[in-house]
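These numbers come from the heavy atoms of this one structure, side chains and all, not from hydrogens, waters or symmetry mates. If you're wondering where the values come from, they're calculated on a predicted model, not measured in any experiment. In the text below, chain A, chain B and the rest are named by the order of the sequence lines, each starting its count at 1.
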Amino acid sequence: MLDLKQIRENPTEVQNRLQRRSDVYDLTPILDLDTKQRELQTTRTQLQARSNEIGKLIGQKMKSGSDPKSEEILALKNEGNEIKAQLADLEPQEKDLKTQLEDLLLELPNLPSDSTPIGKSEEENVEVRRWGDEYLPTNPHILPHWEIGEQLGILDFKRAVKVAQSRFVNLVGVGAALERALINFMLDRQTKAGYIEVLPPILVNRQSLTGTGQLPKFAEESFQCEGDDLWLIPTAEVPLTNLYRDEILDAEHLPIYHCAYTPCFRREAGSYGKDTRGLIRLHQFNKVEMVKLVHPDTSEAEHEKMLDNATAILEALKLPYRVLELCTGDLGFGAVKCYDVEVWLPSSGKYREISSCSNCWDFQARRANIRFKETGKKGTQYVHTLNGSGLAVGRTMSAILENYQQENGSVKVPEVLQPYLGRSVL
RNA sequence: GGAGAGGUGGCCGAGUGGUCGAAGGCGCAGCACUGGAAAUGCUGUAAUGGGGUAACUCAUUCGAGGGUUCGAAUCCCUCCCUCUCCGCCA
């Protein structure tokens, strides 16, 4: 959520910065509601002040033994009743304005950072660096991962459709073990990098999804449980960031680093034609996620470090990748700045997203009310929140199945994974 | 699912209709004491929103939402959550 004060004080600047996202935003309804709300608030608080005063006066008189039926007291009570009637009219009006204002604010995305390249779509993302050309596979006949996976008997898409629906998969035998090995490998690496592991709930409530920004705008992207206000998480960013919702943290406890392995669930509404085969776009997938809550002064540096924590996994696995900085048109709803890491997928001759590392600044912290207090400083400040995949496990598996594919149709196991899997070839 | 207890400031905890934003303690900050520190003593210490250059000031907030009342942390209703016991269950 954006700072209402900032919108009020610098509306044109906010407007211009939002506009970089190649979408149209109109702040006038917000400004109008804000003005009306504050006018009402002034009137209301004046009435309330008088009402409080009357209450105190009556209290004093009763204590000093006045007759409760005396004219003086009856007159005060009368005035109190009149004020109550007026307030009964004003209060709902103001509440309504506040709700409307809040609803509009919750729909506004974050402001892109000044350094974020301006662009309309993913086409204009900027490549920051590339790594691992020497590990590009030399095998000229690489099958797509879903084909080799089915050949090896470790991926079963057909029966997953029967059991659930399309865009689900069964990992079978060594396939399941490989997924497990990858999860453990990633968690081991990230905990060594300083992230405290959490195994969080994967069903969360509405407030949590609102806190991180999936609700209210992207409700159609999540699976909701009928009969309960619980939703399947689209990413562990949601439970991890919301761990500290409505808390005032001690500045000394920052930064807080967490990582988690969770399954993630996405409805993928509106992506019907895309990536219909393979592990790339499933309704359920596994991911190891990193989340940081940091002091605003350090968030830029923490963001770079988080990106390194993500790419370190690919380097250890010797999978070629590139890093992109997302342009304003492709930037996520809550992000100020975002790096995507893309891994090489030989079967499609393309790099594909395997991690996304975002710095949200105080956008989520304001929604989720996550603040910190610095000793010696008055009041509280919002933390900055960051999140990144470390990494998407299924996509890592698909990258291994392709990049490590041998001419004889076998697949080598990356060296660092061999101790986890107990074998060197699939 | 059934029965009971409870949810108060950064934390613990008192408070059953009136000057309560809330005793006391912990923590934190400042001052005194000290060569320096510890201990001790004194003082201060909530958040959010509005108005004001500021000092300051007004309002809201005692799990959430309603109600009673001139006035609610306190009384009534609904809901949520936590704990204990029972039932069910991996």
Q: Ignoring backbone atoms, test whether K95(A) places a side-chain nitrogen or oxygen under 4.0 Å from the OP1 or OP2 oxygen of rG66(B).
A: yes
Q | H258(A) (side chain) donor-acceptor with E197(A) (main chain) under 3.5 angstrom | A | no
Q) Got a sec, which residues hit salt bridge (Lys or Arg N to Asp or Glu O under 4.0 Å) with D330(A), two or more places apart in sequence or on another chain? A) none
(Q) From CZ of R366(A) over to P of rU48(B), roughly how many Å is that when rounded to an integer? (A) 11 Å
Q. Should rC88(B) form a Watson-Crick or G-U wobble pair with both distances under 3.5 Å, which nucleotide is its partner?
A. none
Q) If you draw a 6.0 Å radius around CZ in R180(A), do more than 12 non-hydrogen atoms from other residues or ligands fall strictly inside? A) no
Under 3.5 Å between N/O atoms: give me all the protein pairs with nucleotides 67-74 of chain B, atom names plus distance.
unit_1  : atom_1 : unit_2 : atom_2 : d
rC70(B) : OP2    : N81(A) : OD1    : 3.4
rG71(B) : OP2    : K84(A) : NZ     : 3.3

Q: Scan every strand shown for a Watson-Crick or G-U wobble partner of rG4(B), both distances under 3.5 Å, and answer none if you come up empty.
A: rC83(B)
Q) Which residues pass the side-chain contact (heavy atoms from CB on, under 4.5 Å) test with V126(A), sequence neighbours left out? A) P117(A)
Q) Counting only non-hydrogen atoms, which of residues 99-107 of chain A are less than 4.0 Å from RNA chain B? A) none
Q | Length of the line joining Y244(A):OH and rG10(B):C1', which is rounded to integer Å | A | 16 Å
Q.
Distance check, rounded to the nearest 0.5 Å: D34(A) atom CG versus L104(A) atom CG?
A. 11.5 Å
(Q) Tell me every residue that passes side chain to side chain donor-acceptor pair (under 3.5 Å) with D308(A), counting only those two or more places apart in sequence or in another chain. (A) none
Q. What is the distance, rounded to the nearest whole Å, between atom CG of D250(A) and atom P of rG10(B)?
A. 12 Å
Q. For the pair made of CG in D246(A) and P in rG10(B), what is the distance, rounded to whole Å?
A. 12 Å
**Q.** Any-strand Watson-Crick or G-U partner of rG65(B), both distances under 3.5 Å
**A.** rC77(B)
Q.
Which residues pass the salt bridge (Lys or Arg N to Asp or Glu O under 4.0 Å) test with E237(A), not counting sequence neighbours?
A. none
Q: Look at the side-chain N and O atoms of R44(A) and state whether any lies under 4.0 Å from the OP1 or OP2 oxygen of rG50(B).
A: no
Q: Only counting residues at least two apart or in another chain, list the ones meeting ring-ring contact (aromatic ring centres under 6.0 Å, His included) with Y420(A).
A: F185(A)
Q) Which one is paired to rC20(B), where only Watson-Crick or G-U wobble pairs with both distances under 3.5 angstrom count? A) none
(Q) Below the 4.0 Å mark, does rC58(B) have OP1 or OP2 next to a side-chain nitrogen or oxygen of N52(A)? (A) no
Q: Considering only NZ, NE, NH1 and NH2 on the basic side and carboxylate oxygens on the acidic side, decide whether K98(A) and E102(A) come within less than 4.0 Å.
A: no
**Q.** With R281(A) via salt bridge (Lys or Arg N to Asp or Glu O under 4.0 Å) - residues at least two apart
**A.** E268(A), D275(A)
Q.
Rounded to whole Å, how long is the line connecting atom NZ of K373(A) with atom C1' of rG27(B)?
A. 12 Å
Q | ring pair (Phe, Tyr, Trp, His ring centres under 6.0 Å) contacts in which one or both residues fall within residues 187-216 of chain A, not counting sequence neighbours | A | Y195(A)-Y257(A)
Q: Tell me which residues in residues 1-13 of chain A put a heavy atom below 4.0 Å from RNA chain B, sorted by number, or none.
A: K5(A), R8(A)
Q | Pair partner, rG41(B) [Watson-Crick or wobble, under 3.5 Å] | A | rC31(B)
Q) Any sub-3.5 Å donor-acceptor pair from N110(A)'s side-chain atoms to G334(A)'s backbone N or O? A) yes
Q. Is there a Watson-Crick or G-U wobble partner for rA72(B) with both distances under 3.5 Å, and if so, which one is it?
A. none
Q. What residues in residues 32-42 of chain A put a non-hydrogen atom under 4.0 Å from any atom of RNA chain B?
A. R38(A), Q41(A), T42(A)
Q) Rounded to whole angstroms, how far apart are CD on Q46(A) and C1' on rG51(B)? A) 10 Å
Q. How would you list, by chain and number, every residue that makes a salt bridge (Lys or Arg N to Asp or Glu O under 4.0 Å) with E91(A), sequence neighbours excluded?
A. none
